[in-house]
Amino acid sequence: MKVIIVSIAVVLILFLVFIALGIAVNKRNMKKDKYDLLNYFKNNKDKLSITLKENGQDTLVLNSERNFPLASTLKIIIAFNFVKSVANNKFSITDNVELNELEKFYIPNTDGGAHPKWKKSIDNPTEVSLLEIAKGMMQFSSNACTDFLINKIGPDIINESIEVLNLNHDKIAYLTPPILIPGYLSDKRSLAINKLEAMDKQSYQELSHKIFEKMKANETTDLEEKAPKMLNQKMQLLITNKTASSTTKHYADLMFRLGKELFTKKEKELFSEILIGENVKDDGDDYFWYKGGSTMFVLTSALYKESKDSTVSVSLFIKDDTGGELYWIRNIFSDFVKSVATNMEFRKMVKERLN
C-alpha cells in the first residue's frame, strides 16, 4: 500500500513539474519579439517562404516558388474583383443587404470571433452596405462576409481573374462550407478523414459549392451541430491542406502590380479604404496595403507600401503541421511583416540572415 501511495505521489509531482515548466515556457515565448522570430526563421528556413521586392526588384527570395495554403490572404483576390466589379458598375458600394443574409454563412466559434467583432464595430444594423461587407472581409477577416462576396461577384469570375492575372494559384472556393464537409461525408470522424484524404481539390471545391447552396437555403442545421465533434487537429490540418494554395513570389508580384499597373487611381482609393493599412501608414506613404491569414497550421501575409520615391512589396508564409510554434509566432507575425516594409534597418537584417 505504501509503495502505491509513493508511486502516486511521484507521478503527481512529475505532473506538477511538467505543468510548471509548460507555464514557464509559455510565459517566455509570449515575451518574444520580431528579432526572436527572425532567429527562428533563420534556423527553420524549411518551414517558410518569403519574397521581398524593392522598387520592383526581388531583393530577398527564400522558397519563393513553394506552394502554401493561403488562408485569408487569398481574400486579396476577392477584394481585387470587388473593386473591379464596382468600377464596371456591376454593383455599387452603397447597395444595402439585410444582415440576416450574411448570417446564413456564419457558424459560431469558427473564425476567431472575426464576424461578431465586425458586426459590433458597425453596431449590429439590420442592413449593411456592400462597402462595409468588403471591410468586414478585409479588416476583420469575416469568412461570412467573404462567402457572401464570392457569391455576389461570382466564383467563376473570380477564378477567371486568376488566369487573366497569370498567377500560380489554385481556384478559390467558399471558405465556410469546408467546416461542414466532414459531417457531410460521414457521422464517424475516422471515415470522414479517410474520404477527405482521398478527395482531390476539384472534388473538394465542388462539394464546398454544393454545401454553400445548402447554407443559402438554411438547410445545414444538422451539419452545423455535428461540426464541433468532427474538427479535431488532424481534420483541421486536412482542411487547411485542401484550401487554395499559391506562392509568396506570386503574391509579392501581385501586390506590386496592383500598385503600379492593375488599378486606376480611383480603384486604388477604394482598395485602400477596404484594406488594413490606411490607418497605420506613415505621412509619407501614398499607399499601405496589408492582408494576413491564419489557421492552426499556417500564417500567411502580403503587403504593399508605396511612397513618392519607393515601393516595397513583401509576402511571407509559414507552415507548421504540428501547430506547436505558431501559437507564439502569430502574436508578432504581422509586426514582423510590417517592420520589413517600414524599418530599413530591420529589413537589411532580415535580408542578411535569410538570403
Side-chain angles (χ1 to χ4, degrees), residues 53-56 72-97 102 118 121-122 125 127-142 145-167 169 172 246 250-293 301-315 337-338 341-342:
K53 300 177 77 72
E54 296 175 85
N55 300 317
S72 288
T73 297
L74 64 77
K75 294 171 184 176
I76 290 168
I77 302 289
I78 302 161
F80 166 77
N81 280 276
F82 177 84
V83 170
K84 289 296 183 181
S85 295
V86 171
N88 294 327
N89 297 313
K90 292 185 178 179
F91 47 73
S92 169
I93 60 173
T94 59
D95 291 347
N96 283 332
V97 178
L102 278 83
W118 168 67
S121 77
I122 54 175
E127 289 190 341
V128 61
S129 71
L130 291 183
L131 176 60
E132 290 299 338
I133 294 173
K135 289 180 180 180
M137 173 178 70
M138 299 307 290
Q139 296 183 20
F140 292 83
S141 220
S142 162
C145 289
T146 305
D147 284 346
F148 178 88
L149 289 177
I150 291 174
N151 185 64
K152 181 74 176 177
I153 297 164
D156 290 341
I157 290 173
I158 291 169
N159 287 314
E160 284 169 10
S161 77
I162 291 173
E163 295 183 14
V164 171
L165 292 168
N166 197 29
L167 300 177
H169 200 297
I172 290 175
S246 187
H250 281 265
Y251 265 79
D253 287 348
L254 175 61
M255 297 301 279
F256 178 75
R257 292 170 62 197
L258 290 174
K260 286 300 183 182
E261 64 180 78
L262 296 175
F263 280 148
T264 65
K265 186 179 182 198
K266 186 175 181 181
E267 289 168 348
K268 285 183 182 180
E269 290 172 355
L270 177 55
F271 198 67
S272 294
E273 189 172 359
I274 65 177
L275 260 73
I276 291 175
E278 190 67 16
N279 296 328
V280 298
K281 71 179 185 180
D282 293 334
D283 292 339
D285 293 334
D286 295 317
Y287 302 105
F288 192 105
W289 301 332
Y290 175 80
K291 185 72 188 86
S301 63
L303 183 150
Y304 176 75
K305 177 181 179 293
E306 179 180 330
S307 57
K308 182 179 178 180
D309 301 318
S310 67
T311 65
V312 177
S313 178
V314 59
S315 183
V337 178
K338 292 172 185 175
T342 60

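For the numbers below, each heavy atom of this structure counts, side chains included, while hydrogens, waters and symmetry mates do not.
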If you take all heavy atoms of [X] and [Y], which pair is closest and at what distance?
{"X": "G293", "Y": "T73", "answer": "N-OG1, 3.4 Å"}
{"X": "S92", "Y": "L130", "answer": "O-CD1, 3.4 Å"}
{"X": "W118", "Y": "G136", "answer": "CD1-CA, 3.3 Å"}
{"X": "D253", "Y": "K53", "answer": "OD1-NZ, 2.9 Å"}
{"X": "I172", "Y": "L74", "answer": "CD1-O, 4.0 Å"}
{"X": "I157", "Y": "K90", "answer": "CD1-NZ, 4.0 Å"}

Can you confirm whether [X] sits close enough to [Y] that some side-chain heavy atom of one is under 4.5 Å from a side-chain heavy atom of the other?
{"X": "L258", "Y": "I76", "result": "yes"}
{"X": "K265", "Y": "E269", "result": "yes"}
{"X": "I122", "Y": "F140", "result": "no"}
{"X": "T94", "Y": "L131", "result": "no"}
{"X": "L102", "Y": "C145", "result": "yes"}
{"X": "L254", "Y": "F80", "result": "no"}
{"X": "M255", "Y": "L303", "result": "no"}

- Task: Output, in order, the C-alpha distance, side-chain angles, deciding distance and verdict of side chain to side chain contact (heavy atoms under 4.5 Å, CB included) for W289 and K268.
- Result: CA-CA 10 Å; W289 301 332; K268 285 183 182 180; 4.0 Å; yes
- Message: Would I77 and L167 count as a side chain to side chain contact (heavy atoms under 4.5 Å, CB included) here? Give the steps.
- Response: CA-CA 11 Å; I77 302 289; L167 300 177; 3.7 Å; yes
- Considering residues at least two apart in sequence or located in another chain, which fulfil the side-chain hydrogen bond (donor to acceptor under 3.5 Å, both in side chains) criterion with D285?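 Only K305 meet the side-chain hydrogen bond (donor to acceptor under 3.5 Å, both in side chains) criterion with D285.
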- Query: How would you list, by chain and number, every residue that makes a side-chain hydrogen bond (donor to acceptor under 3.5 Å, both in side chains) with S307, sequence neighbours excluded?
  - Reply: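 Scan of S307 (side-chain hydrogen bond (donor to acceptor under 3.5 Å, both in side chains), adjacent residues dropped) gives S310.
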Working to the nearest 0.5 Å, report the span between [atom1] of [X] and [atom2] of [Y].
{"X": "K291", "Y": "S141", "atom1": "NZ", "atom2": "OG", "value": "3.0 Å"}
{"X": "F288", "Y": "K338", "atom1": "CZ", "atom2": "NZ", "value": "6.5 Å"}
{"X": "I158", "Y": "I78", "atom1": "CD1", "atom2": "CD1", "value": "5.0 Å"}
{"X": "I93", "Y": "I274", "atom1": "CD1", "atom2": "CD1", "value": "9.5 Å"}
{"X": "I133", "Y": "T146", "atom1": "CD1", "atom2": "OG1", "value": "10.5 Å"}

With sequence neighbours left out, what residues match [X] under side-chain contact (heavy atoms from CB on, under 4.5 Å)?
{"X": "S315", "value": "T248, Y251, A252, A302, F317"}
{"X": "E267", "value": "V83, K84, A87, F263, T264"}
{"X": "K308", "value": "none"}
{"X": "T311", "value": "N55, F256, K260, Y304, E306"}

For [X], salt bridge (Lys or Arg N to Asp or Glu O under 4.0 Å) partners two or more places apart:
{"X": "K75", "result": "none"}
{"X": "E261", "result": "R257"}
{"X": "D147", "result": "none"}
{"X": "E132", "result": "K135"}

- Over 12 non-hydrogen atoms of neighbours within 6.0 angstrom of CG in N166: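 For N166, atom CG is not crowded (no more than 12 foreign heavy atoms under 6.0 Å).
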- Item | Side-chain (N151) to main-chain (F148) donor-acceptor, under 3.5 angstrom |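 Checked: no pair found.
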